[in-house]
Novice: 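Let me begin by handing over the structure; questions about it come next.
All residue numbers refer to positions in the sequence shown, counting from 1. Since the structure is predicted, the reported quantities are computational estimates derived from the model, not experimental observations. The figures that follow rest on heavy atoms only: side chains count, while hydrogens, waters and symmetry mates do not.
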Amino acid sequence: MADDSKSTRAGAHRRRARGSGGRRRKARTRRKGRIALWTAGGLVLVAGAGAGVLYFKFNGNLHSVDINAALGKNRPENVDNGSQDILVLGSDSRAGANSAYGKDEGSSRSDTAMIVHVYAGHKKASVVSIPRDTIVPRPECRTPDGKKTPAVKRAQFNEAYSVGGASCAVATVEAMTNIRMDHYLEVDFAGFQKLIDKLGGVEVTTTKPIKDKWSHLDLEAGTHTLNGEQSLGLVRTRHGVGDGGDLGRIKLQQAFIKALLDQIKHVGLFTSPTKLYGIADTATKALTTDRELASVDKLYSFANGLKGIGSDDMQMVTLPVADDPLDHNRVVPVAEATEPLWTALRADREIPESVLKDAAGAKTGAEGVVK
């Protein structure tokens with residue numbers, strides 16, 4: 001009986017010991033859990049602080065122009081049908097880092113101009129390239145020093161940017177088209193080159209050699225991965241292909257943009273934080289936007305809304321033009337083709353086949369040179 005009592009007490013002691021050890025293990029587990037939780041929380045806070053720093057850094061990179069304030073209410077109707085119209089300019093300013101591409105003659109011009117119409121639903125787009133030598137009416141604009149420059153009936157399109165900067169370029173496009181530009185995007189030479197380098201280059205195939213000493217481009221026929229310098233040379237070259245005119249250069253620009261869209265789609269930005277950071281930093285430094293896009297979150301939201309549009313979903317045409325009867329070194333819009341074009345885009349409709357035929361009718365010798 002005594003032995004049974006001792007055995008019972010020993011068993012109870014062992015059970016208490018095991019119970020105490022279990023509680024200690026659970027306590028240690030809870031402490032570890034709390035430590036892990038606080039550590040994770042700390043990491044989130046650090047990451048969040050880092051993201052905040054990057055947010056302000058990238059915001060600080062952006063330049064903007066208050067188009068709405070500059071142009072006031074004398075603009076085409078702001079039609080809310082789900083579509084968007086964006087004026088995209090490539091600036092040929094020779095200031096600062098751009099000086100490597102030529103002499104600064106006192107003003108910059110819009111070397112490349114495109115109207116991008118994004119259809120409702122944001123699944124497809126049409127892009128209309130405007131030859132920079134097109135003679136158009138230019139409305140009254142304000143110069144950078146705040147003075148007014150009077151409206152003129154005949155002005156070279158890219159001079160609008162020289163006279164009054166982004167707002168004058170937008171005003172001139174709106175006067176041409178009677179389409180309100182929802183947004184404005186501008187990229188300069190140096191920024192474009194750096195962005196292509198950050199992307200790792202763009203692959204294109206040339207069907208014949210392109211050699212142009214003015215744009216520093218020398219390519220044999222074949223497939224190439226163009227770096228930033230070569231890409232810039234390609235979109236600027238006129239003398240290396242076709243008839244040496246601006247219309248031929250536009251054909252090369254349009255082919256390059258489609259190749260660039262394919263490159264962006266396959267570059268895998270979100271699998272490489274380093275690459276994403278570098279591209280975001282470079283892109284925001286290179287861009288000038290309208291005031292409504294001048295923050296990282298708004299720019300991201302805008303870009304995210306367009307991510308479903310690939311190169312196959314983008315129709316690219318050149319504004320139908322003919323030789324200017326008063327100056328054979330310049331061109332003028334062909335009213336019979338341009339009016340149906342602008343009418344279609346205002347109504348968010350596809351570009352009519354008749355316009356596409358007119359736009360394709362002007363052969364330059366640069367067709368199919370870049371694929």
Novice: Will you find, in the side chains of Asp262 and Ser311, an N or O donor that is under 3.5 Å from an N or O acceptor?
Specialist: yes
Novice: Within a radius of less than 6.0 Å around CG of Asp312, do more than 12 heavy atoms belonging to other residues, nucleotides or ligands occur?
Specialist: no
Novice: Does the side chain of Phe256 reach to within under 4.5 Å of the side chain of Val202, using non-hydrogen atoms?
Specialist: yes
Novice: Closer than 3.5 angstrom, by distance alone: can the side chain of Thr206 be matched with the main-chain N or O of Gly222 as a donor-acceptor pair?
Specialist: yes
Novice: Scan side-chain atoms only and decide if Glu229 and Asn227 contain a donor-acceptor pair under the 3.5 Å cut-off.
Specialist: no
Novice: Does CG in Asp80 sit with more than 12 non-hydrogen atoms of other residues, nucleotides or ligands closer than 6.0 Å?
Specialist: no
Novice: Looking at side-chain heavy atoms only, is the closest gap between Trp342 and Ile179 below 4.5 Å?
Specialist: yes
Novice: Does Asp66 come within less than 4.0 Å of Arg291, counting only side-chain N to carboxylate O?
Specialist: yes
Novice: Between Asp182 and Asp85, is there a donor-acceptor pair closer than 3.5 Å when you use the side chain of the first and the backbone of the second?
Specialist: yes
Novice: With side chains defined as the heavy atoms from C-beta onward, is the minimum distance between Val118 and Ser83 less than 4.5 Å?
Specialist: no
Novice: Determine whether Leu341 and Leu319 make a side-chain contact, defined as any pair of heavy atoms from C-beta on separated by less than 4.5 Å.
Specialist: yes
Novice: Could you tell me if the side chain of Leu185 sits less than 4.5 Å from the side chain of Leu89, heavy atoms only?
Specialist: no
Novice: Side chains of His117 and Asp348: do they bring a donor and an acceptor to under 3.5 Å?
Specialist: yes
Novice: Please tell me whether Asn68 and Glu292 have a donor and an acceptor in their side chains that are separated by less than 3.5 angstrom.
Specialist: yes
Novice: Do Thr112 and Arg236 touch side chain to side chain, with heavy atoms closer than 4.5 Å?
Specialist: no
Novice: Does a side chain donor of either Asp281 or Asn61 reach within less than 3.5 Å of an acceptor in the other side chain?
Specialist: yes
Novice: Between the main-chain N or O of Ala280 and the side-chain N or O of Thr284, is there a donor-acceptor pair closer than 3.5 Å?
Specialist: yes
Novice: With a 3.5 Å distance limit and no angle check, can you tell me whether Glu174 reaches the backbone of Pro76 through a side-chain donor-acceptor pair?
Specialist: no
Novice: To the nearest 0.5 angstrom, please state how far the CG atom of Leu252 sits from the CD1 atom of Ile210.
Specialist: 5.5 Å
Novice: Classify the side-chain pair Gln253/Ser129 by whether it contains a donor and acceptor separated by less than 3.5 Å.
Specialist: no
Novice: Taking the side chain as everything from C-beta on, heavy atoms only, tell me whether Gln230 gets closer than 4.5 Å to His224.
Specialist: no
Novice: With distance as the sole test, does Lys258 use its side chain to make a donor-acceptor pair with the main-chain N or O of Met314 at under 3.5 Å?
Specialist: yes
Novice: Crowded around Asn74 CG? As in, over 12 foreign heavy atoms under 6.0 Å?
Specialist: no
Novice: Are Ile351 and Leu247 connected, step by step, through hydrophobic side chains (Ile, Leu, Val, Met, Phe, Trp, Tyr) whose heavy atoms are closer than 4.5 Å?
Specialist: yes
Novice: So if I apply the side-chain contact (heavy atoms from CB on, under 4.5 Å) rule between Ile196 and each of Thr282, Leu232, Leu260, which one comes out positive?
Specialist: Leu260
Novice: Just by distance, with hydrogens left out, do Gln156 and Arg132 show a side-chain donor and acceptor under 3.5 Å apart?
Specialist: no
Novice: Just so I know, are the side chains of Tyr184 and Val88 near enough to count as touching, which here means a heavy-atom distance under 4.5 Å?
Specialist: no
Novice: When you measure from the side chain of Thr237 to the backbone of Leu234, do you find a donor-acceptor pair of N or O atoms at a distance under 3.5 Å?
Specialist: no
Novice: Under 30°, 30 to 60°, or over 60°: which ring-plane class applies to His183 and Phe302, parallel, tilted or perpendicular?
Specialist: perpendicular
Novice: With rounding to the nearest 0.5 Å, note down the distance linking CG in Leu226 to OG in Ser231.
Specialist: 4.5 Å
Novice: Take Thr205 and Thr223 through the test side chain to side chain donor-acceptor pair (under 3.5 Å) and record every step on the way to the result.
Specialist: CA-CA 4 Å; Thr205 298; Thr223 299; 2.9 Å; yes
Novice: Charged N to carboxylate O under 4.0 angstrom, Lys194 versus Asp197?
Specialist: no
Novice: In Å and rounded to the nearest 0.5 Å, what is the CG to CD1 distance from Leu345 to Ile115?
Specialist: 8.0 Å
Novice: Taking atom types as modelled, find out whether Tyr161 and Glu159 have a side-chain donor-acceptor pair closer than 3.5 angstrom.
Specialist: no
Novice: Is it true that Tyr119 and Ser126 share a donor-acceptor pair across their side chains at a distance under 3.5 Å?
Specialist: yes
